[in-house]
Protein chains: 2
Amino acid sequence: MNDRIYATYLIETPYSLEKAAAVMAGEQSTGTFIAVPGETPELKALHAAQVVGIEALGEYDSPSLPGSYLPPGSGKPIYRRALVKLSFPLHNIGPSLPNLLSTVAGNLYELREFSGLRLVDLELPQAFGDRYPGPKFGIEGTRKLAGVYGRPLIGTIVKPSIGLPLSEYGPLVRELAEAGLDFVKDDELCGNPPYASFEQRVQTVMAEIERAADRTGKKLMYAFNITGDIDEMKRNHDIVLQAGGTCVMVSINSVGLPGVAHLRQYTELPVHGHRNQWGAMTRCPLLGMSFSAYQKMCRLAGVDHLHTNGLDSKFSESNDSVAQSIQDCLTPILGGYTVMPVLSSAQWAGSAIPTYEAVRSLDLIHLAGGGILAHPGGTAEGVRSMQLGWEAAVQGIELNAYAKSHPELQEAIRVFGKK
Amino acid sequence: MNDRIYATYLIETPYSLEKAAAVMAGEQSTGTFIAVPGETPELKALHAAQVVGIEALGEYDSPSLPGSYLPPGSGKPIYRRALVKLSFPLHNIGPSLPNLLSTVAGNLYELREFSGLRLVDLELPQAFGDRYPGPKFGIEGTRKLAGVYGRPLIGTIVKPSIGLPLSEYGPLVRELAEAGLDFVKDDELCGNPPYASFEQRVQTVMAEIERAADRTGKKLMYAFNITGDIDEMKRNHDIVLQAGGTCVMVSINSVGLPGVAHLRQYTELPVHGHRNQWGAMTRCPLLGMSFSAYQKMCRLAGVDHLHTNGLDSKFSESNDSVAQSIQDCLTPILGGYTVMPVLSSAQWAGSAIPTYEAVRSLDLIHLAGGGILAHPGGTAEGVRSMQLGWEAAVQGIELNAYAKSHPELQEAIRVFGKK
């Protein structure tokens, strides 16, 4: 019962760092804007958040965000940045993910003592691990179901993202399954659209996957996007399970962490976690949340796979940030919580070498859309080119050198290498 | 089936506005980074998002957010701001709140063509109203349960926010109920803590409320914070209902919109919607979401009350923004969706006049913590001072003038008026 939750923030404030840290701790535990009866020393000793550490980072002339107030009587304002680490008594909330959010994030972002505030890391006591059993399948369970070892799972996304009629799903999935793909996912834009109902889509897709598995001996893992309201997710999960599917996908920020944790309770399939809307939470450097904190909560909620972007993607995230995110996913927390990072966006065979150099792991799902489907030799050659990229990466061979004896890779370089 | 969803964005981009708008529409419907087979003209005609309008707002020398890329071959970059309105075919997602989020927000925030992107408004077709019945009680149902008409509900928040032992809840609630308060809520930091279990807290609180109601004829509405995992919320709701409670509170961003919509399915009590963590979504002016868009989705999910901050609060939000948020809540959508705005933070009797001037409505829940509990005459006089503030506001009487014949108001001005 004496366990504590540790949360680290990047802050910017025109107040003294000590004052600012005290405001954070007060707002998110026992304090209010004016002293009230009942906030006794005994209560504070038991329940107050504590300032564990303050690390000053520099001073700036102008605020990063609007809306901060200046301390009374101050002259020309100075905006001080710092890392502030707080601790909260676990017994204030118990091991509850939704109440953790209200506590470590909550109203902090709105406080006028700050011109910037970002949650950058979280350390959670084992009680969270006891309540939330975490990913049910993880890396090992995913590899077993997909039958892929010793290299990343190579995957793609159904494109066009939205609008493909049911009549075209069958032929497309047949082609993908026969092309040797390990993994295919729905686009996050495609849930349960009226023009191609979820149930019919699952039947169509799984019929092709089973038929291809009979021929090839390998069963393609397809992540069906079950994102929906709470009961709808359960129905969708059951449809996939009944049809022999091996993966479900959910848009984490669309359904909320409790929605994911609820799915985790009953799922019999790995949960592919898509993080769309994540940019809104992280793109402003002095607001929101870092992926390091976010991914821990996603893992507790129970996703088995988690999107991280890929290197050199079409998104605004830097390669350093992407590599850090992948490493975050591969860093153990609370014992056995393994989660498989999912790399995507503008990926192709040539992405393997820089990715391997950055993260030194093969426990990845590597998705390419155009980089596989638009390969001039067709989808199978697109898949093969991705595998070859990883072979070159692991063997430490330069891409063009490896391509000399591998025409699928050569073609990939010719078409995708000039981006 | 030809209904469309309209979403308006504030954007900032170093690209031409036409190019930028086309990228948004493509990313969130049929497009990918490279042409793929299947994105036929027929499919695009049926499923592509359309650019409805572009309104240029000005040009800037520097980007609001990091991570944007410059168009190839460009010289000194110019960052153009604009309002861009897109429309999406409803049949791409059907009337689904979680899939709406993936579509109108989704990956947009991460696109490197933008140095700023914010969802500022949403217009939803009636199909959303058919699927999501919206607030079950709204303003009218809340007034009926609270027995308050012709003025705002006057409320407070249990303080200290966290840590109050069970033994102190009884006396505190008795005092609040006898002081004539209409409404009391748990702080969002207090959910189901191990040191004072939810069930015991509800029993203790409701016993006092019922006893006070027997004496006074008026039953205090108490919003118990049921925020938790999906099944836990249901259990907590049932505990409140069984105990005769008349309101439940939920942290919307902690449980997700599907979590709220799930609660809406079974609730027999008004849902008090707390928006903590909202600052992370809105405080950066060129990222995230405006309250106008957010509150529509919260109303669809089914909250009966929605926090908006109050004027002159301790938070960074401007008074103009607060007033706009209150008016957003009071603006009808999809027929009968009434939601009651909840004003809080550093409120006192003197907040009534500027609030009434700004929003010209009494359909509010007006919460004061210290502004009631720290009134020198005690809680009852604190409550009375708030009612007097609203009397002055409605009658158009200046606060100090009205206070001359009302000592409770005079004392409030003396203690809280110098902030």
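Per chain, numbering begins at 1; letters A, B, ... match sequence-line order. It should be emphasised that the depicted structure is a prediction, and the values quoted were computed from it without experimental measurement.
With a 4.5 angstrom heavy-atom cutoff, A/S313 touches chain B only via backbone atoms. Only the backbone of B/N192 has a heavy atom closer than 4.5 Å to any heavy atom of chain A. Using a 4.5 Å cut-off between heavy atoms, B/T227 contacts chain A through both its backbone and its side chain. In this structure, chain B has heavy atoms under 4.5 Å from both the backbone and the side chain of A/S68. With a threshold of 4.5 angstrom between heavy atoms, B/N309 approaches chain A through side-chain atoms but not through N, CA, C or O. For B/Y132, the part sitting under 4.5 Å from any heavy atom of chain A is the side chain, from C-beta outward, and nothing else. For B/L46, no part sits under 4.5 Å from any heavy atom of chain A, backbone or side chain. Within the 4.5 angstrom heavy-atom criterion, only backbone atoms of A/N253 (N, CA, C, O) approach chain B. Both the backbone and the side chain of B/Q28 come within contact range of chain A, with heavy atoms under 4.5 Å apart. Within the 4.5 angstrom heavy-atom criterion, only side-chain atoms of B/L287, from C-beta onward, approach chain A. Both the backbone and the side chain of A/L189 come within less than 4.5 Å of a heavy atom in chain B.
With respect to chain B, the highest number of heavy-atom pairs below 4.5 Å among A/M281, A/R283, A/M289, A/H47 belongs to A/R283. Options B/H262, B/E317, B/R118 differ in how many heavy-atom pairs under 4.5 Å they form with chain A, and the most are formed by B/H262. Highest contact tally toward chain A, considering only B/G67, B/P193, B/S102, is held by B/S102 [criterion: heavy-atom pairs under 4.5 Å]. For the set A/A261, A/G228, A/G288, A/S115, the count of heavy-atom pairs under 4.5 angstrom toward chain B peaks at A/G228. Of the listed residues B/G279, B/C284, B/S96, B/P258, the one with more heavy-atom pairs under 4.5 angstrom with chain A than any other is B/P258. Residue with the most contacts toward chain A among B/G256, B/G116, B/G94, B/G106: B/G106 (heavy-atom pairs, distance under 4.5 Å). With chain A as partner, the option from B/P66, B/G259, B/A105 having the largest number of non-hydrogen pairs under 4.5 angstrom is B/P66. Chosen from A/L101, A/T282, A/T103, A/I157, the residue pairing most often with chain B at heavy-atom distances under 4.5 Å is A/L101.
No hydrogens or angles considered: nothing links the side chains of B/E113 and B/T13 as a donor-acceptor pair under 3.5 Å. A donor-acceptor contact closer than 3.5 angstrom links the side chains of A/Q277 and A/S254. Side-chain atoms of A/N319 and A/D312 form a donor-acceptor pair, as typed in the model, at a separation below 3.5 Å. Under 3.5 Å, the side chains of B/N107 and A/E188 contain a donor-acceptor pair of N or O atoms.
With a 6.0 Å cutoff to the six-membered ring centre and a 45° limit on the axis angle, B/R112 does not count as a cation-pi contact of A/F315.
The two residues B/D231 and A/Q265 come nearest to each other via the heavy atoms OD2-OE1, 3.1 Å. Taking all atoms of both residues into account, the shortest heavy-atom contact from B/L117 to B/Y9 is CD2-CD2, 3.9 Å.
Between A/Y195 atom OH and B/H91 atom NE2 the span is 7.5 Å, to the nearest 0.5 Å. With rounding to the nearest 0.5 angstrom, the SG atom of B/C190 is 11.0 Å from the NZ atom of B/K159. Summarising the geometry, atom CG belonging to A/L97 is positioned 6.5 Å from atom CG belonging to A/L100; distances are rounded to the nearest 0.5 Å.
Between A/R131 and B/E232 there is a salt bridge, since at least one side-chain N of the basic residue sits less than 4.0 Å from a carboxylate O of the acidic one.
Checking side-chain atoms of A/D187 against main-chain N and O of A/V158 turns up no donor-acceptor pair under 3.5 Å.
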